[in-house]
Amino acid sequence: MRWSKLFIPTLRENPAEAEVVSHQLLLRAGYIRQLSAGLYNYLFLAQRSLNKVIGIVREEMDAIGGQEMLLAALHPAEIWQESGRWDVMGQNMFRLKDRFDRDLCLGMTHEEVMTFIARGELRSYKQLPQLWYQIQTKFRDEPRPKSGLLRVRQFLMKDSYSFDMDAAGLDLAYQNHYDAYCRIFSRAGLQYLAVEAHSGAMGGSQSHEFMVASEAGEDFVAVSADGSYQANLEKAVSRPTLPLAPDPEGDRAPEKFPTPGRKTIAEVAAFTGLPETAQIKSLVMVADGKPVLVLLRGDHQLSETKLVTVLGAADVRPAHPAEIREWFGADAGSLGPVGITNMPVLADLALRGRRNMICGANEDDYHLRHVTPEEDFACAFADLRQVAAGDWCLDSDQPLEIRKTIEIGHIFKLGYKYSESMGLRVLNAEGHEVTPIMGSYGIGIERVLSAAVEQHHDKDGMMLPPSIAPFEVVVTPVNAAEPAQLSAAEAIYRRCRELGLDALLDDRDERPGVKFKDADLIGIPYRVTVGKKLPQGMVEVTERRTRQSVDVLVADAAAHVRGRIHG
RNA sequence: CGGGGCGUAGCGCAGCCUGGUAGCGCACCUGCCUUGGGCGCAGGGGGUCGUUGGUUCAAAUCCGACCGCCCCGACCA
């Protein structure tokens, strides 16, 4: 294509509203334009890149036996009511009514519709397994869209769904997806992590997320130094660091002491001269309307995700100050488990075996010392703590670090949640009705592009891998008004096309600096510069990523680039 | 939804405090010039100052309401 005929609206300056790099560059390089909060128009370049991402996804999905479909994006309420998610999804679901006042929603995921198709058509075990997928627009009414294409209200997702007769079949479909995702993200040039993940509202037994380390991300993962353990912080488990001071010995009785005005863990630590690890942190939570006292080591943080899982609760929130006053007779900052009988007490595993610790006395401005779990109060133990940097792997001596990441893919073993609730049954070999087991698997298409930009850029723009760049090579005559340069450039361009390269001819009547800056900005991996060495029959091939140039013969230029990209 | 910031030409911004002619850089158009890293010179076009109500002889500027966008938090398959 000829640049002079294309719409590539590059900007010299960063738009003020963009904060994260991928957002800035996608705007500046003319890939996208915003329509509204969390809604973007994908212009020519974005569409080309996204189509390349989609092409990779499609090849790898087809390679594991996926069958591509395209489902409706507008759904009747009924199927969501059947699965129970009409209510669960809450405000994140775009809802509307048709002219007959019937409830509809815009699809935010497609378990329900896929299960609807399956239950209407699948009758026999002979038809299983099935692996169905689509690449389609999803709609989610995010509370706070942000960071360019990273969190939006409308986006493209590859979502696939597996139907199997048994858990072994699901295991295979899951593993096939895991491997396919690795190939997809590698081909897209991403350095990624595959981490153990929490299943969340999707339900199901096992889940992995595919993450790209980036400051622009919103998820945190715990990673061991040798990479043998990788898990989302919502799910991660660890051995905590040792307490900073040994517990006092002996079988001592709780003893009240005044702590005037000291409410926080840090204040009490400073006041007593003992480290935060010597304290029991008491948090009052309300799970589905019922109070529960949660205990953690002073320096640890509660994982609400784990608490929800342990309690099997639908909703968990911190107690209000008035509730705390009513239940404890004291305010937050002086709370503790001793003498508490009006609610269950749940303690984190890091408190098991500890002795003679400090906690609140349930009397304002007083704490207790010499408090020992299970002796001075009864409690149940569970893993409730959020892993912290510096913790250790459960089963090795590897230290854990915490990384900020972008989620680009997520795979779930769903189990029977949807097939059961929506009545998907087939007959097995014995003629009995059985419920197939399902998995679901997603990739955020725009996030793959955004993450690639986050991971590969410099001060001049994007450095996209050839596999997802909008063009593989740009042929740039330094002076398009020079007939010899232009015709040589055209010949190289045509040769590139003949060799199957995605080539662009920068035939614009611009100064060379403008063309170079634009090519760098939009991140075309290779540039063939036709200029001052043409009289010697030479042109220059420059790699965007390394900035390294080599001189090649005009006749060899296209083949040279092809060799660099396709080996 | 709570907190903060911002809305003036396509983009980036000044002007607002202290009311009175709407400005700068880039981009754009025309001509000349130039051609290896966002050239140079000359001329030119483009703005309901987010919307709305109020105060005033007079509002981009002061006051109120609303809308939109961004950031932090809450939230988030």
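Quick note on labels: first sequence line is chain A, next is B, and so on, each numbered from 1.
Computed from coordinates, the E13(A) CD to rG12(B) P distance equals 8 Å when rounded to whole Å. Rounding to whole angstrom units, CG of residue L534(A) and P of rU35(B) are separated by 17 Å. Atom CZ of R151(A) is separated from atom P of rC71(B) by 12 Å (rounded to the nearest Å). As rounded to whole Å, 16 Å separates atom P of rG36(B) from atom CG of D551(A). Atom pair E142(A):CD and rC72(B):P shows a separation of 14 Å (rounding to whole Å applied). Note: CE (M108(A)) to P (rC75(B)) measures 16 Å, nearest angstrom. For the pair L39(A) CG and rG68(B) C1', the computed distance is 13 Å after rounding to whole Å. For the pair D506(A) CG and rG37(B) P, the computed distance is 15 Å after rounding to whole Å.
For the C1' atom pair drawn from rG4(B) and rU8(B), the interatomic distance equals 22 Å after rounding to whole Å. rC16(B) and rG7(B) are spaced 14 Å apart, taking the C1' atom of each and rounding to whole Å. For the P atoms, the distance from rG54(B) to rC72(B) is 39 Å, rounded to whole Å. Taking the P atom of each, rU18(B) and rC76(B) are spaced 46 Å apart, rounded to whole Å. Spacing between rC39(B) and rC32(B) at atom C1', rounded to whole Å, works out to 14 Å. For rG5(B) and rU48(B), the C1' atoms lie 25 Å apart once the distance is rounded to whole Å. Between rC49(B) and rA59(B), the distance separating the two C1' atoms is 11 Å to the nearest Å. Spacing between rG73(B) and rC26(B) at atom C1', rounded to whole Å, works out to 37 Å.
Distance from the side chain of L521(A) is smallest to rG38(B) among rC70(B), rU35(B), rG38(B). Listed nucleotides rG38(B), rC70(B), rU35(B) differ in distance to R28(A); the shortest reach to its side chain belongs to rG38(B). Listed candidates were rC70(B), rG12(B), rG36(B). Nearest to the side chain of P512(A) is rG36(B). Listed nucleotides: rU35(B), rG37(B), rG12(B). Nearest to the side chain of R527(A): rG37(B). When each of rG38(B), rC69(B), rC76(B) is scored by its nearest atom to the side-chain atoms of D518(A), the top-ranked nucleotide is rG38(B).
Pairing partner, rU30(B): rA42(B), with both Watson-Crick or wobble hydrogen-bond distances short of 3.5 Å. Nucleotide rA58(B) forms no Watson-Crick or G-U wobble pair with any nucleotide shown, as no partner meets the under 3.5 Å limit on both distances. Across all strands shown, rG64(B) is found opposite rU52(B) as a Watson-Crick or G-U wobble partner, with both distances under 3.5 Å. Using the Watson-Crick or G-U wobble rule with both distances under 3.5 Å, rC75(B) pairs with nothing in any strand shown.
The phosphate of rC72(B) (OP1 or OP2) has a side-chain N or O of R144(A) nearer than 4.0 angstrom. Dashed line: the shortest gap from a side-chain N or O of S36(A) to OP1 or OP2 of rC69(B) is under 4.0 Å. Between K532(A) and rU35(B) there is no side-chain N or O to OP1 or OP2 distance below 4.0 Å. Between rG36(B) and Q485(A), no contact under 4.0 Å exists linking OP1 or OP2 to a side-chain N or O.
Both K533(A) and V20(A) lie close to RNA chain B; mapped to their nearest nucleotides by heavy-atom distance, the more 5′-ward contact belongs to K533(A). Mapping V530(A) and F155(A) onto RNA chain B by nearest heavy atom places V530(A) closer to the 5' end of the strand.
Across all strands shown, S147(A) has heavy atoms under 4.0 Å from sugar-phosphate atoms exclusively, and none from any base. Within 4.0 Å (heavy atoms only), E218(A) reaches no atom of the nucleic acid at all. Counting non-hydrogen atoms under 4.0 angstrom, P143(A) reaches a base of the nucleic acid. Contacts of K515(A) with the nucleic acid, taken as non-hydrogen atoms under 4.0 Å apart, are absent. At the heavy-atom level, M157(A) lies under 4.0 Å from base atoms of the strands shown.
With hydrogens and angles left out, the side-chain atoms of E112(A) and Y418(A) include no donor and acceptor closer than 3.5 Å. Under 3.5 Å, the side chains of Y441(A) and H410(A) contain no donor-acceptor pair of N or O atoms. Between the side chains of E234(A) and Q386(A), no donor N or O sits under 3.5 Å from an acceptor N or O. Side chains of E196(A) and N232(A): a donor-acceptor N/O pair is absent below 3.5 angstrom, by distance only.
Checked against the 6.0 Å centroid criterion, the rings of H208(A) and Y178(A) qualify as a close aromatic pair.
Summarising the geometry of R447(A) relative to I406(A), their closest heavy-atom pair is CD-CG2, 4.4 Å, with the distance given to 0.1 Å.
For a distance-only test at 3.5 Å, the side chain of D520(A) qualifies as a donor-acceptor partner of the base of rG37(B).
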Might you list the N or O atoms of the protein lying below 3.5 Å from N or O atoms in nucleotides 6-10 of chain B, with each pair's distance?
none

Between the protein and nucleotides 39-43 of chain B, which nitrogen or oxygen pairs are less than 3.5 angstrom apart?
{"residue": "rC39(B)", "atom": "O4'", "partner": "R511(A)", "partner atom": "NE", "Å": "3.2"}
{"residue": "rC39(B)", "atom": "N1", "partner": "R511(A)", "partner atom": "NE", "Å": "3.4"}

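Residues satisfying the side chain to side chain donor-acceptor pair (under 3.5 Å) criterion with Y493(A), sequence neighbours excluded, are absent altogether. With sequence neighbours excluded, the residues forming a side chain to side chain donor-acceptor pair (under 3.5 Å) with D507(A) are S4(A), listed by chain and number. When the side chain to side chain contact (heavy atoms under 4.5 Å, CB included) test is applied to A389(A), the partners found at least two apart in sequence or on another chain are I402(A).
Side-chain atoms of S147(A) never come within 3.5 Å of backbone atoms of V20(A) as a donor-acceptor pair (strictly under, hydrogens ignored). Formation of a donor-acceptor pair under 3.5 Å by the R153(A) side chain with backbone atoms of P145(A) is not found in this model. Within the 3.5 Å criterion, the main-chain N or O of D331(A) finds no donor-acceptor partner in the side chain of K263(A).
When the shell of 6.0 Å around CZ of F116(A) is examined, it contains 12 or fewer heavy atoms from other residues, nucleotides or ligands.
Relative orientation of the Y40(A) and H23(A) rings is perpendicular, given thresholds of 30° and 60° on the angle between their planes.
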Go through the steps to decide whether F7(A) and F44(A) satisfy the test ring-ring contact (aromatic ring centres under 6.0 Å, His included), and finish with yes or no.
-> CA-CA 7 Å; F7(A) 178 57; F44(A) 178 64; 9.1 Å; no
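Listed in residue order, the members of residues 317-325 of chain A having a heavy atom less than 4.0 Å from RNA chain B come to none.
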